[in-house]
Every structure is written in C-alpha cells, then in structure tokens.
Amino acid sequence: MSNLARKVVEQQQAEQSVQIKRKVKIKKSWLTPGEKIIGVTFAGMVCFGAIHLISNQSQIYEANKDLQVVQDKITEQQKVNEDLKVQVSELSSYDRIFAKAKKMGLVKDENNVKVVQNK
C-alpha cells in the first residue's frame with residue numbers, strides 16, 4: 001500500500017472512532033439523596049424506639065418479678081406471725097400459768113391479791 005492509501009485508511013479509522021463515541025447513560029434513581037437521608041433517619045429512629053421499648057418492658061418485668069418475690073416473703077412472714085400468736089395465746093392460758101406456778105411451789109392466796117388500776 002502506498003503512503004496515500006495508508007493516510008486514507010487511517011483517516012477513515014479515525015472518523016469511525018469519532019463516530020463510535022459512547023453515549024453516557026444517565027441512571028435515574030427512584031429516590032433522591034434527600035429522600036434516602038430521610039429514610040435512613042426514619043429507620044434509625046424506628047430501631048431506636050423499638051430498642052427503647054424493649055428495654056423498658058424488660059425493666060418493668062424485672063420490677064414485677066422482684067415485687068412478686070417480696071409479696072411472697074410478706075405472705076410467708078404473716079403465716080409465721082399468725083402461728084406465733086396462736087402459740088402465745090396457748091402458752092398464756094390461765095390454767096397453764098397456774099400449773100407452772102404450782103410446780104414451782106407457789107400457792108394461791110386470795111387474801112394477798114392486789115388490784116392495780118391504770119391512771
């Protein structure tokens with residue numbers, strides 16, 4: 001090939017390469033950057049609210065559990081107190097005290113009884 005033919009071929013190739021320029025495709029997003037920021041912020045707030053709600057519920061559960069334990073202890077102590085009151089009333093009966101006094105050598109002397117009045 002001659003020099004002139006090469007120049008023509010090179011010129012044609014250059015023209016073809018100029019014509020083959022790629023068209024830049026513009027992608028259109030269905031969310032704008034501002035909407036994305038708002039969406040992420042909203043999702044973060046929802047997650048924070050959910051975590052806060054769950055932690056509050058767990059604290060309430062723990063408080064109720066502790067309250068139930070304390071109420072059970074109170075009920076048990078009340079039963080013990082009632083049993084002790086029954087024992088006190090049984091042990092403080094007049095016949096029992098009189099029997100203990102007699103056993104210790106005390107005698108009943110009705111002439112030596114004094115009544116004490118409250119002021």
Side-chain angles (χ1 to χ4, degrees):
M1 263 177 48
S2 73
N3 217 5
L4 184 59
R6 277 192 184 161
K7 286 183 182 179
V8 172
V9 171
E10 288 177 6
Q11 191 178 20
Q12 287 176 351
Q13 287 177 355
E15 288 176 5
Q16 286 178 355
S17 66
V18 171
Q19 291 175 357
I20 301 178
K21 284 188 178 178
R22 294 183 184 169
K23 292 184 180 179
V24 177
K25 292 183 181 179
I26 299 174
K27 289 185 178 181
K28 289 190 176 181
S29 176
W30 58 281
L31 288 177
T32 64
E35 290 173 337
K36 289 179 184 177
I37 291 172
I38 290 172
V40 168
T41 304
F42 179 73
M45 291 175 74
V46 168
C47 289
F48 175 76
I51 291 170
H52 190 67
L53 181 70
I54 290 171
S55 69
N56 283 346
Q57 288 296 327
S58 69
Q59 288 174 355
I60 289 171
Y61 174 77
E62 288 294 324
N64 285 338
K65 189 173 84 171
D66 293 342
L67 181 65
Q68 188 66 36
V69 168
V70 169
Q71 286 177 343
D72 290 342
K73 287 181 182 178
I74 289 172
T75 304
E76 184 178 328
Q77 189 63 41
Q78 285 176 341
K79 288 179 184 178
V80 169
N81 289 348
E82 288 297 321
D83 290 342
L84 290 174
K85 283 181 185 178
V86 169
Q87 283 182 355
V88 166
S89 65
E90 288 174 356
L91 294 176
S92 66
S93 67
Y94 178 75
D95 294 334
R96 183 182 171 284
I97 293 173
F98 186 69
K100 287 283 185 180
K102 201 176 219 184
K103 189 176 183 181
M104 294 175 79
L106 298 174
V107 292
K108 184 177 179 183
D109 185 13
E110 293 181 10
N111 294 331
N112 197 14
V113 174
K114 295 183 180 177
V115 178
V116 179
Q117 295 180 353
N118 290 337
K119 290 185 179 182

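Quick caveat: nothing in here was measured; it's all calculated off a predicted structure.
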J.: Quick one: which of V70, V69, T75 gives a side chain to side chain contact (heavy atoms under 4.5 Å, CB included) with K73?
T.: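 The option that passes is V69.
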J.: Using every non-hydrogen atom in the two residues, find where E90 and R96 come nearest and quote the distance to one decimal.
T.: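 Looking at all heavy atoms of both residues, the closest pair is O-CD, 4.0 Å.
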J.: Could you measure the distance from the CG atom of L91 to the CG atom of L84? Nearest 0.5 Å is fine.
T.: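 Reported to 0.5 Å precision, the distance equals 10.5 Å.
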J.: How many angstroms lie between atom CD of E62 and atom CD of Q57, to the nearest 0.5 angstrom?
T.: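 Here the interatomic distance stands at 12.5 Å.
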J.: How long is the span from the CG atom in D66 to the OH atom in Y61, to the nearest 0.5 Å?
T.: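 Answer rounded to 0.5 Å: 10.0 Å.
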J.: Please round to the nearest 0.5 Å and tell me the distance separating atom CD of Q77 and atom CG of N81.
T.: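 Interatomic distance, Q77 CD to N81 CG, rounded to 0.5 Å: 5.0 Å.
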J.: Let me confirm one number: the CD-NZ distance from Q78 to K85, rounded to the nearest 0.5 Å.
T.: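 One finds 9.5 Å between CD of Q78 and NZ of K85.
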J.: Evaluate the criterion side chain to side chain contact (heavy atoms under 4.5 Å, CB included) for residue pair E76 and D72; output intermediate values, then yes/no.
T.: CA-CA 6 Å; E76 184 178 328; D72 290 342; over 6 Å; no
